[in-house]
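Step one of this worksheet: look at the structure below.
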Amino acid sequence: MKKLITFLMFLLAVGQGATAQEVSGQQMPLPNEELHQLTPSTELHQLATNAELHPITPTYSDILMMKALSSSELLATPNMPIVPMPFAIAQPLVYGYDASRTGATSMEVSKNLRLTATGAYRSYIGLMDVQSVSGGVQYSLGAMTMQGALAANRYLYYGRVFTQYGVSGQLSYSFNPNLALTVFGTYYNTNPFFSMAAFPFVPTTSYGGYMTVGNRSFYVNLGVERRFNAFEHKMETVPIITPAFKISNKVTIELPLGDLTKHLIEEILIKSGPHRR
């Protein structure tokens with residue numbers, strides 16, 4: 001019995017010694033062969049000396065991961081309160097790691113009249129920052145709905161600031177629960193072109209119309225749109241083909257296929273034309 005107690009005390013002492021050694025940061029000495037393997041060679045040392053160091057820029061996936069980690073309940077760090085920041089004074093993305101912020105408010109003046117105001121801040125990482133504000137009015141009269149809005153967009157593009165003002169309108173008429181007609185138009189005082197990378201994110205003057213066919217679960221918008229191409233400095237015609245699936249009262253998935261259809265048709269016409277190779 002005494003021998004057993006002595007043996008258990010010996011194991012306890014060895015375990016405490018190993019734990020103390022791990023906490024204090026001490027390391028066991030390695031044999032000479034292992035030390036030789038860990039020693040960097042001369043070629044690697046020269047390569048590391050001649051290599052140029054570049055700053056590591058976080059990707060959009062890294063930023064989303066950092067946002068997810070910062071809100072995780074598994075972290076030991078305390079959760080800091082989120083203070084709302086107006087979009088007009090939003091800091092650049094490098095300080096906040098927030099690619100988009102939006103605020104909206106509405107007021108129902110009467111049963112058929114509603115006023116709305118929205119503000120948004122969007123940061124396209126490594127490209128530009130966009131600040132937008134708009135105010136609109138909506139009026140309903142039976143099966144007809146009219147909307148009008150004033151908007152202002154400010155673009156921060158590589159140290160330069162551009163401001164864009166616009167006015168828009170839309171008129172919709174519902175013939176029955178499965179068929180509706182919509183005409184719309186938007187005019188901007190300027191249609192800037194920054195670069196091909198920023199081209200899809202800058203709205204331009206446009207107008208058009210489409211028919212909505214379907215039910216509450218599935219519908220399709222079919223029509224045509226004329227819009228200004230800031231790269232080619234001319235108006236272009238684009239079909240509107242947008243199937244939509246309503247998943248729930250708050251989730252609707254729309255698939256705009258107009259531009260894709262236009263490019264496919266142009267590709268087929270080019271290949272079948274007289275200048276084909």
Side-chain angles (χ1 to χ4, degrees), residues 53-75 77-106 116-136 147 149-168 170 184 186-206 225 227-233 238 242 244 250-260:
L53 298 178
H54 299 279
I56 300 177
T57 303
T59 62
Y60 188 61
S61 299
D62 298 334
I63 293 173
L64 294 180
M65 181 59 69
M66 283 185 283
K67 290 181 63 179
L69 290 176
S70 63
S71 60
S72 176
E73 297 179 356
L74 299 179
L75 295 180
T77 56
N79 294 327
M80 300 299 293
I82 300 177
V83 180
M85 180 180 296
F87 70 95
I89 58 173
Q91 296 295 325
L93 180 64
V94 68
Y95 299 110
Y97 292 104
D98 195 350
S100 177
R101 284 190 288 273
T102 304
T105 182
S106 63
T116 60
T118 60
Y121 169 78
R122 300 181 300 276
S123 181
Y124 301 99
I125 303 169
L127 183 60
M128 66 177 179
D129 294 341
V130 182
Q131 297 174 348
S132 304
V133 61
S134 64
Q147 297 180 3
L150 297 175
N153 303 319
R154 186 171 67 176
Y155 306 92
L156 177 60
Y157 183 78
Y158 289 98
R160 296 180 295 171
V161 178
F162 301 87
T163 304
Q164 180 187 50
Y165 301 98
V167 57
S168 62
Q170 177 176 302
F184 62 90
T186 302
Y187 173 78
Y188 288 101
N189 66 324
T190 179
N191 299 284
F193 176 78
F194 302 129
S195 65
M196 290 305 299
F199 179 72
F201 309 114
V202 180
T204 58
T205 299
S206 63
E225 177 186 10
R227 66 188 183 193
F228 184 79
N229 189 318
F231 176 70
E232 298 181 354
H233 296 280
V238 181
T242 308
K250 296 183 178 180
V251 178
T252 301
I253 300 178
E254 294 186 351
L255 302 175
L257 304 178
D259 287 281
L260 178 61

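In what follows, residues are counted from 1 in the order of the sequence shown.
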Requested in this report: Kindly determine whether R122 and F201 satisfy side chain to side chain contact (heavy atoms under 4.5 Å, CB included), including the steps that lead there.
Outcome: CA-CA 10 Å; R122 300 181 300 276; F201 309 114; over 6 Å; no

Query - Residues which pass ring-ring contact (aromatic ring centres under 6.0 Å, His included) with Y158, listed by chain and number, not counting sequence neighbours - result: none

Report task. For N191 and A230, indicate whether the former's side chain and the latter's backbone hold a donor-acceptor pair under 3.5 Å. Result -> no

Query raised in the report: Taking Q164 for the side chain and Y155 for the main chain, is one N or O donor matched with an acceptor at less than 3.5 Å?
Result: no

Requested in this report: Heavy atoms only: give me the nearest G166-Y188 pair and the separation to one decimal.
Outcome: CA-CD2, 3.6 Å

Report summary line: Here the pair of heavy atoms bringing A198 nearest to L127 is CA-CD2, 3.8 Å

Query - Side-chain heavy atoms of P203 within contact of N153, under 4.5 Å - result: yes

Query raised in the report: Counting only N and O atoms by type, is there a donor-acceptor contact under 3.5 Å from the side chain of T204 to the main-chain atoms of F228?
Result: yes

Report task. Could you check if a side-chain atom of E225 sits within less than 4.5 angstrom of a side-chain atom of F184, using non-hydrogen atoms only? Result -> yes

Query raised in the report: Which pair of heavy atoms, one from P256 and one from T242, lies closest together, and at what distance?
Result: CA-OG1, 3.8 Å

Report task. Answer whether the closest heavy-atom distance between the side chains of F199 and N229 falls below 4.5 Å. Result -> yes

Query raised in the report: Is the F194 to F162 ring centre distance short of 6.0 Å?
Result: yes

Query raised in the report: Hey, is the main chain of Y121 close enough, under 3.5 Å, to the side chain of Q131 for a donor-acceptor pair?
Result: no

Query raised in the report: Are V238 and D259 side-chain neighbours, meaning at least one heavy-atom pair lies under 4.5 Å?
Result: yes

Report task. Assess whether side chain to side chain donor-acceptor pair (under 3.5 Å) is satisfied between T186 and S206, documenting all intermediate values. Result -> CA-CA 5 Å; T186 302; S206 63; 4.5 Å; no

Report task. Over all heavy atoms of both residues, which pair between S132 and V130 is shortest? Give the atoms and the distance, please. Result -> OG-CG1, 3.7 Å

Requested in this report: Check the surroundings of atom CZ in F193: do more than 12 heavy atoms from other residues, nucleotides or ligands lie under 6.0 Å from it?
Outcome: yes

